[in-house]
Amino acid sequence: VQLQAFGGGLVQAGGSLRLTCAVSGSLVSINAMGWYRQVPGKQRELVAGMTSRGSTSYTDSVKGRFTISRDNAKNTVYLQMNSLQPEDTAVYYCNRLTNYEYWGQGTQVTSPA
């Protein structure tokens, strides 16, 4: 299974970005998927998750601002990020919620103070 996350960038505080995770080798519709982020020196944290049935969950700091979704036809998972804040600055990764695949390089999101 290969996971490719992209769509990050530099955005002013209050702005928006949409991250994309292209999945190959398995179907997003039958996997519980998540978006994670990591800041240097800190542990990777789960930001948003979606079960195979489509139930979603979010870490408290992003509730109401971030939305995880998927397109089964494109085998892709998205993370819509609105009202970005400096504390959202991190490298973002997508992966399963369990039985992780290779993490890859992720995509950098930077929202300067």
Side-chain angles (χ1 to χ4, degrees):
V1 177
Q2 291 188 330
L3 309 166
Q4 184 180 7
F6 57 93
L10 176 66
V11 61
Q12 290 183 341
S16 298
L17 281 174
R18 188 177 78 159
L19 304 184
T20 300
C21 176
V23 181
S24 58
S26 187
L27 297 177
V28 298
S29 60
I30 61 172
N31 284 280
M33 300 294 297
W35 282 97
Y36 303 76
R37 66 186 179 189
Q38 188 170 24
V39 176
K42 294 188 177 181
Q43 287 189 334
R44 187 177 290 129
E45 67 165 337
L46 176 64
V47 173
M50 175 177 277
T51 68
S52 58
R53 293 190 174 190
S55 298
T56 60
S57 60
Y58 302 90
T59 192
D60 286 346
S61 63
V62 308
K63 284 181 181 177
R65 300 189 298 121
F66 290 11
T67 303
I68 186 172
S69 62
R70 71 186 182 206
D71 185 329
N72 293 340
K74 295 182 178 179
N75 215 37
T76 299
V77 182
Y78 303 100
L79 184 68
Q80 178 67 42
M81 305 186 296
N82 298 328
S83 302
L84 281 162
Q85 301 171 3
E87 51 265 38
D88 296 319
T89 295
V91 178
Y92 285 72
Y93 305 84
C94 62
N95 213 316
R96 291 190 174 116
L97 294 184
T98 59
N99 300 321
Y100 302 134
E101 298 292 342
Y102 173 67
W103 287 94
Q105 294 184 340
T107 186
Q108 175 72 46
V109 173
T110 302
S111 184

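What you are looking at is a predicted structure, and each value in this text was computed from that prediction instead of being measured.
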On a heavy-atom basis, the closest approach of Leu46 and Gly34 is CD1-CA, 4.2 Å
Leu19 and Gly8: which non-hydrogen atoms are nearest, and at how many Å? CD2-N, 3.6 Å
Decide yes or no for Asn95 and Tyr102: does some side-chain heavy atom of the first lie under 4.5 Å from some side-chain heavy atom of the second? no
Once you round to the nearest 0.5 Å, how far does CH2 of Trp35 lie from CD of Glu45? 14.5 Å
Rounded to the nearest 0.5 Å, how far does CZ of Arg70 lie from SG of Cys94? 14.0 Å
Distance col, row Ser57:OG vs Ile68:CD1, nearest 0.5 angstrom, shows 8.0 Å
Of all heavy-atom pairs linking Ala90 and Arg37, the shortest is CB-CB, 3.8 Å
If you round to the nearest 0.5 Å, how far is CD of Gln105 from CG of Leu3? 13.5 Å
As a quick check of understanding, evaluate side chain to side chain contact (heavy atoms under 4.5 Å, CB included) for Gln108 and Thr89, giving each step before the final call. CA-CA 8 Å; Gln108 175 72 46; Thr89 295; 4.0 Å; yes
Is there a continuous path of hydrophobic side-chain contacts, each under 4.5 Å between heavy atoms, that joins Tyr92 to Tyr78? no
Ser111-Asp88 side chain donor-acceptor pair, cut-off 3.5 Å: no
Are more than 12 heavy atoms, taken from residues, nucleotides or ligands other than Gln2, located less than 6.0 Å from that residue's CD atom? no
Is it the case that one hydrophobic cluster holds both Met50 and Val23, taking links as side-chain heavy atoms less than 4.5 Å apart, direct or via other members? yes
Please state whether the rings of Tyr36 and Tyr100 are parallel, tilted or perpendicular, taking 30° and 60° as the class boundaries. perpendicular
With hydrophobic residues grouped by side-chain heavy-atom distances under 4.5 Å, do Met81 and Val91 end up in a single group? no
Search all heavy atoms of Ser83 against all heavy atoms of Ser16 and return the closest pair with its distance. N-OG, 4.3 Å
If you measure from CE on Met33 to CG on Leu97, what distance do you get to the nearest 0.5 Å? 8.0 Å
If Ile, Leu, Val, Met, Phe, Trp and Tyr residues are connected whenever their side-chain heavy atoms lie under 4.5 Å apart, and connections chain through other members, are Leu17 and Val47 in the same group? yes
Can you name the closest pair of heavy atoms from Ser26 and Val1 and give their distance? CB-CG2, 3.7 Å
Linking I/L/V/M/F/W/Y whenever their side-chain heavy atoms sit closer than 4.5 Å, directly or via other members, would Tyr93 and Val28 fall into one cluster? no
